[in-house]
Every structure is written in structure tokens, then in C-alpha cells.
J.: 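My questions will all concern the structure given below.
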Amino acid sequence: MQRPVFAANWKMHHGPSDARAFLRSFLAHYARRPDRQVIFFPPAVSLAAVVDGLRERQDIQVGVQNIHWEDKGAYTGETSAGMARDAGADLALVGHSERRHVFGETDEQTAAKVAAAVRAGLVPMLCVGEKLEERERGETESVVLRQLRAGIAKVEPHAVAGMLFAYEPVWAIGTGRNATPDDAAAIHGVIRRELLSILGEKAKAVPILYGGSVNRGNAQALLQAADVGGLLVGGASLDSEGWSTIVRT
Ligand code: 13P
């Protein structure tokens, strides 16, 4: 049994000062636990503050929320995977629904970002998930499989085996309406079967996180669902006490 992964995606919240204050409080509430993997995805400008705030806590990892697919160049406002690695990031979130649906990121760009992360030594966490209208048309499985297959198309299977995945149904993100544990288990099963067909037995160890309106009330039930190996949390990760409660679930 893999240890569960608890990932906080702060989105566009917590600049460096707030991030430092958050970590002082969080670390007081969360003692090192070898049976948990904890990851923070702060905004890029807060990466250094978070890496610094965690220097005594190598048990906790840090990632960036987005990277560019090129290693360098004239891309004003963007951050490369190599720069994020240099700043202390271990992971990169790729293909988050807000990147796809607010910023128009395509499957092709997502695949290129996964490849860029792997080149730079960052572990990609690839997010997939269907919109409400896709769910209502019965397309959940085909959308998730399309995003998954496209997202890993530019990397070798051994790199895929080292990745993390997150199923985040778009209709559940920030809406207060989470998927039921059964809904999550069904789609996580689809993702697991696809990974098994590519990686064989190694796929069993690949964490598949659920995200979308996770809170301290539903975290435990979602974590117990089949094939749910962790939680990717937005709103409920912003308050240090609440987040430490979820992480101790
Ligand atoms: P919420 O937990 O705020 O619904 O956000 C989920 C999410 O998008 C995490 O990446």
C-alpha cells in the first residue's frame, strides 16, 4: 500500500509573506509523518519563500503550478522547468483545468510541458478531468483517456512510471460539489487500467490523486475509495490549521 499524497495547490493565493506565515503555523501543527507525502504548489513568486520555510523539513516537497514547454527564450512572463528546478521545485503541476479552460492550454502543449518537466528533472503531476457538459453527454471516460494519452505522449514509459496523476472533474473544482467516492473510484479505475496497459505491474505504485472541493469533512471517505492515492486540494489548503487537519486524515 502506497502512502497517501496530500498536495496543496494554492493557485493565485499566498504571496511570499503569507506563505512564510502559513508555514510557521502549519509546521507547528504537522509533525513529520513517514506515512504521508505532503506537497505544496505555491505561486511561482512564493517558491523561494516556501523552499526556505521548509529547509528543516525535507519530508515535504514543493512544486510549481505551471511551466513553459521551452527550456528558455523570449516568452515574457513565463517560467521554464529548469528555472523552477533551480529555485528548489521538485515537481510541476501540468494540465490543471484552469490552465486548460481559463488559459486555453491544449493537449499538445500539456504534452510538451510534461516532456519539459522530465528533461529538467521535475516530476510532473498531470491533471485530467471532464467539464460538466462532457459529463452530461456521457463523455467522462473518453475525455479523461484523451487527456491522459496525449499528456504522456512525448515521454518514455520509465518517466511515466515516476509521474503522479490527478483526476479533477472541472464541475467539482471550487464549486463545493465534490465527486462521490464511487464516482472518483470509477474514473481512477479507468486511469489505473490505462497505466497498467502501458507500464504493467509498475502502474500499481503510481499515485492517482483526486481533486475538486475536497475538505476536512469528505477527505477521509475520498481517500478510502479504490485507486485514490491522494488528494489535490485548492481552497481547503489555504488555511494552515484546516490543511494540517486534512493532512492528518
Ligand atoms: P478546490 O479544492 O478549491 O475545489 O480546487 C481543486 C483544485 O483545482 C486543486 O488543484
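Atoms within a ligand are numbered from 1 in the order they appear, just like the ligands themselves. This is a predicted model, so every value here is computed, not measured.
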J.: Hey, could you give me each pair passing ring-ring contact (aromatic ring centres under 6.0 Å, His included) that has a residue in residues 57-90? Not counting sequence neighbours.
T.: H68-Y75
J.: Distance only, no hydrogens: is a donor on one side chain within 3.5 Å (strictly under) of an acceptor on the other, for T110 and D107?
T.: no
J.: If hydrophobic residues (ILVMFWY) are linked whenever their side-chain heavy atoms come closer than 4.5 Å, directly or via other members, who joins M83 in its cluster?
T.: none
J.: Linking directly or through intermediates, with side-chain heavy atoms under 4.5 Å: list the remaining ILVMFWY members grouped with F41, chain and number order.
T.: V5, I39, L91, L93, V123, M125, L164, L209, L232
J.: Is the centre of the W243 ring less than 6.0 Å from the centre of the F22 ring?
T.: no
J.: Please determine whether side-chain hydrogen bond (donor to acceptor under 3.5 Å, both in side chains) holds for the pair H96 and E168, giving the CA-CA distance in whole Å, both sets of side-chain angles, and the decisive distance to 0.1 Å.
T.: CA-CA 8 Å; H96 189 277; E168 296 204 308; 3.0 Å; yes
J.: List, for ligand 1, each N/O atom that has a protein N/O partner under 3.5 Å away, with both atom names and the distance.
T.:
residue	atom	partner	partner atom	Å
ligand 1	2 (O)	G234	N	2.9
ligand 1	3 (O)	G235	N	2.8
ligand 1	4 (O)	G174	N	2.6
ligand 1	4 (O)	S213	N	2.8
ligand 1	5 (O)	K11	NZ	3.1
ligand 1	8 (O)	K11	NZ	2.9
ligand 1	8 (O)	H96	NE2	2.8
ligand 1	8 (O)	E168	OE1	3.4
ligand 1	10 (O)	N9	ND2	3.0
ligand 1	10 (O)	H96	NE2	2.9
ligand 1	10 (O)	E168	OE1	3.2
ligand 1	10 (O)	E168	OE2	2.9

